[in-house]
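One structure is given below, encoded as structure tokens.
We use all heavy atoms of the structure for the numbers below, so side chains are in, but hydrogens, waters and symmetry mates are not. Computed from a predicted structure; not experimentally measured.
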Amino acid sequence: MKYVTLGKTGLKISKIGLGGIPVQKSTSDEVKELVRALADQGVNYIDSARGYTVSEQLLGEALAGMRDKFVLATKSMARTKEAMEKDIQTSLDNFRTDYIDLYQVHNPSMEDLDKVLAEDGALEALLEAKAAGKIGHLGLTAHSLQVFERALALDWVETIMFPYNIVESQGEELMKECTARNVGFICMKPLAGGAIEDASLALKYVCSNPDVTVVIPGMYSLDEVKQNLEAVLDESPLSAEDQHKIEEIRNYLGTNFCRRCNYCQPCTAGINISGVFLFAGYLQRYDLGAWGYDRYQSLPVKADECIECGECESRCPYHLPIREMLKKCAKDFKDYEAGKNEV
């Protein structure tokens, strides 16, 4: 296993870690087997979140007797001090531990970040928990370049998690800033939420960028662990054939893949366009229908409320057929809802 230092945290972690989203659809025994396999292979970094339903609980059960073998990270969407205090304690209880190595503010908008930083905001709870030894280090996750850039200027942010993959390279310049400022860069969505089928090539591409500290693909089977480890540990340069395949993937997904740059916003009807596509991805590709559906239902304006003005498409730098994509998302969620009601 190749080990790296996670930026200014000083934590020594494996180059590849476990992304805890797919764990939700596994059984307790399957997660225990997965965690044992990771330990055997020298993988020592695990990432979960309060929002990943039962992920923390299942991982906590699996870590019994092995907590000291792993660097444990999780995250919360709490924005106030009170809510964050509750989430930190819930995470500690779920993981059956008295400390969490890295606790992250989960995907705040610019407005959310204002709340986190304000008096009685979530940051106060995080700093108090850190002072009490319940948390080792603090980080932030984002999908927005604006939030990414702002986070780099916050002295308490020791790590930043952001999407990076063959078709989402919009963060590369800020990733270089992470390296310059010794902020650990955690690569999420290395397979673009499951849109990229060639996992080996996708991970090899990600790890060829020296600004990536650690990559955390979602894994829930031993076969995935084996395949992903082989790709991450392959330090050979990208070949001409690899580059050709990468361009093919970009050309294919570039016609129908949202990179969450949000240049399409604001929507005339108030739809959170990239949010719809993000939640639909969990339904369409991750086989996490219930989780994606619940998050979609939390959106105040749904995909089927599009008025087809086309303003979003005129602003999209990738010329995506957003209106048609929203129609498909609306249909997929309605079909899922109908299937739920039939059960």
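In this structure, CG on Leu123 lies 8.5 Å from CG on Leu154, to the nearest 0.5 angstrom. Summarising the geometry, atom NZ belonging to Lys86 is positioned 12.0 Å from atom OG belonging to Ser76; distances are rounded to the nearest 0.5 Å. Here OG of Ser298 is found 5.0 Å from CZ of Phe279. Values are rounded to the nearest 0.5 Å. Summarising the geometry, atom CZ belonging to Arg67 is positioned 4.0 Å from atom OG1 belonging to Thr97; distances are rounded to the nearest 0.5 Å. Rounding to the nearest 0.5 Å gives a distance of 10.5 Å between SG of Cys329 and CG of Leu278. Atoms CZ and CG, on Arg36 and Leu38 in that order, are 11.0 Å from each other to the nearest 0.5 Å.
Closest heavy-atom contact between Pro217 and Asn228: CG-ND2, 3.9 Å. Across Ala73 and Tyr45, no two heavy atoms sit closer than the pair CB-OH, 3.4 Å. For Pro190 against Val206, the heavy-atom pair with the smallest separation is CB-CG2, 4.1 Å. The minimum heavy-atom distance between Gln297 and Lys302, with the atom names listed, is O-NZ, 3.3 Å. Across all non-hydrogen atoms, the minimal contact from Val116 to Ala78 is CG2-O, 4.4 Å. Of all heavy-atom pairs spanning Thr5 and Gly10, the tightest one is CG2-CA, 3.7 Å.
Put simply, Leu58 and Leu63 are part of the same group of oily side chains (I, L, V, M, F, W, Y) that touch within less than 4.5 Å, one to the next. A chain of hydrophobic side-chain contacts below 4.5 Å, direct or via other Ile, Leu, Val, Met, Phe, Trp or Tyr residues, connects Leu34 to Leu203. In this structure, Leu201 is a member of the same hydrophobic cluster as Val215, with clusters built from ILVMFWY side-chain heavy atoms closer than 4.5 Å. Under a hydrophobic-cluster definition in which Ile, Leu, Val, Met, Phe, Trp and Tyr are linked whenever side-chain heavy atoms come within less than 4.5 Å, directly or via other members, Leu6 and Val157 are assigned to different clusters. The hydrophobic clustering, which links ILVMFWY residues whose side-chain heavy atoms are closer than 4.5 Å, places Leu238 and Ile249 together.
Side-chain N/O atoms of Ser221 and Asp223 include no donor and acceptor closer than 3.5 Å. Side chain to side chain, Thr90 and Asp87 fail the donor-acceptor criterion of an N or O pair below 3.5 Å. Gln24 and Thr53 share a donor-acceptor pair across their side chains, judged by distance under 3.5 Å alone. For the residue pair Glu30 / Tyr220, no side-chain donor-acceptor distance below 3.5 Å is found, with atom types taken as modelled.
Here the side chain of Ser48 pairs no donor or acceptor atom with the backbone of Thr74 at under 3.5 angstrom. Counting only distance, with no hydrogens or angles, the side chain of Asp112 and the backbone of Ser109 share a donor-acceptor pair below 3.5 Å. Between the Tyr103 side chain and the Lys130 main chain, no donor and acceptor come within less than 3.5 Å of each other. Under a 3.5 Å cut-off, the side chain of Asn251 and the backbone N or O of Glu247 do form a donor-acceptor pair. Judged by distance alone, with hydrogens and angles left aside, the side-chain atoms of Arg150 form a donor-acceptor pair with the main-chain N or O of Met110 at under 3.5 Å. Between the side chain of Arg50 and the backbone N or O of Met84 there is no donor-acceptor pair closer than 3.5 Å. At distances below 3.5 Å, at least one donor-acceptor pair connects side-chain atoms of Gln265 with backbone N or O atoms of Ile273. Side-chain atoms of Glu230 do not come within 3.5 Å of backbone N or O of Gln227 as any donor-acceptor pair. Remark: the backbone N or O of Lys189 is paired with a side-chain donor or acceptor of Asn165 at under 3.5 angstrom. With hydrogens and angles disregarded, no donor-acceptor distance shorter than 3.5 Å links the side chain of Glu85 to the backbone of Ala125.
Heavy atoms from other residues, nucleotides or ligands lying under 6.0 Å from CD of Glu337 number more than 12. Enclosure of atom OH in Tyr252 is not indicated, since only 12 or fewer non-hydrogen atoms of other residues, nucleotides or ligands lie within 6.0 angstrom. The 12-atom threshold is exceeded at NZ of Lys32, counting heavy atoms of other residues, nucleotides or ligands nearer than 6.0 Å. In this structure, Glu82 places its CD atom where only 12 or fewer heavy-atom neighbours from other residues, nucleotides or ligands lie under 6.0 Å away. Enclosure of atom NZ in Lys8 by more than 12 non-hydrogen atoms of other residues, nucleotides or ligands within 6.0 angstrom is indicated. Within 6.0 Å of the CD atom in Glu248, the count of heavy atoms belonging to other residues, nucleotides or ligands exceeds 12. Counting non-hydrogen atoms of other residues, nucleotides and ligands closer than 6.0 Å to OH of Tyr282 gives a total above 12. Within a 6.0 Å radius of CD in Gln243, other residues, nucleotides and ligands contribute more than 12 heavy atoms.
Looking only at side-chain heavy atoms (C-beta outward), Ser274 and Asn272 come within less than 4.5 Å of each other.
For the pair Arg250 and Phe257, the cation-pi test (distance below 6.0 Å, angle within 45°) is failed.
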| task | Apply the test salt bridge (Lys or Arg N to Asp or Glu O under 4.0 Å) to residues Arg79 and Glu111: give CA-CA distance (whole Å), side-chain angles for both, the deciding distance (0.1 Å), then the verdict. | result | CA-CA 10 Å; Arg79 307 310 186 210; Glu111 294 76 17; over 6 Å; no

| Can Leu140 and Leu113 be said to form a side-chain contact (heavy atoms from CB on, under 4.5 Å), step by step? | CA-CA 10 Å; Leu140 181 145; Leu113 196 47; 3.9 Å; yes

| said: As a quick check of understanding, evaluate side-chain contact (heavy atoms from CB on, under 4.5 Å) for Ile186 and Ile160, giving each step before the final call. | reply: CA-CA 6 Å; Ile186 303 166; Ile160 293 176; over 6 Å; no

| said: Go through it in stages, so that I can follow the logic: the residues are Leu11 and Asp101, the test is side-chain contact (heavy atoms from CB on, under 4.5 Å), and I'd like the CA-CA distance, side-chain angles, deciding distance and then a yes or no. | reply: CA-CA 9 Å; Leu11 295 168; Asp101 298 282; 4.3 Å; yes

| Residues Leu152, Leu174; criterion side-chain contact (heavy atoms from CB on, under 4.5 Å); working and verdict | CA-CA 8 Å; Leu152 277 170; Leu174 292 176; 3.9 Å; yes

| message | For a side-chain hydrogen bond (donor to acceptor under 3.5 Å, both in side chains) check, start with the C-alpha distance between Thr268 and Glu311, then their side-chain angles and the critical distance, and finish with the verdict. | response | CA-CA 8 Å; Thr268 306; Glu311 288 294 318; 5.9 Å; no

Table please: side-chain donor-acceptor pairs of residues 13-23 below 3.5 Å, with sequence neighbours left out.
{"from": "Ser14", "atom 1": "OG", "to": "Ile16", "atom 2": "O", "distance (Å)": "2.7"}
{"from": "Ser14", "atom 1": "OG", "to": "Asn44", "atom 2": "N", "distance (Å)": "3.0"}
{"from": "Ser14", "atom 1": "OG", "to": "Asn44", "atom 2": "OD1", "distance (Å)": "3.2"}
{"from": "Lys15", "atom 1": "NZ", "to": "Val212", "atom 2": "O", "distance (Å)": "2.5"}
{"from": "Lys15", "atom 1": "NZ", "to": "Thr213", "atom 2": "O", "distance (Å)": "3.4"}

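For the pair Glu172 and Lys176, the salt-bridge criterion is not met [side-chain N within less than 4.0 Å of a carboxylate O]. Glu324 and Lys328 are not joined by a salt bridge, as no carboxylate oxygen comes within less than 4.0 angstrom of a charged side-chain nitrogen.
The aromatic rings of Tyr164 and Phe185 lie perpendicular to each other, with more than 60° between the two planes, well past the 30° mark. In this structure, Tyr52 and Trp291 have perpendicular ring planes: the angle between them is above 60°, well past the 30° mark.
Residues passing the salt bridge (Lys or Arg N to Asp or Glu O under 4.0 Å) test with Glu235 are Lys2, sequence neighbours excluded.
When each of Ile196, Ile166, Asp242, Asp198 is checked for a side-chain contact (heavy atoms from CB on, under 4.5 Å) with Tyr205, only Ile166 meets the rule.
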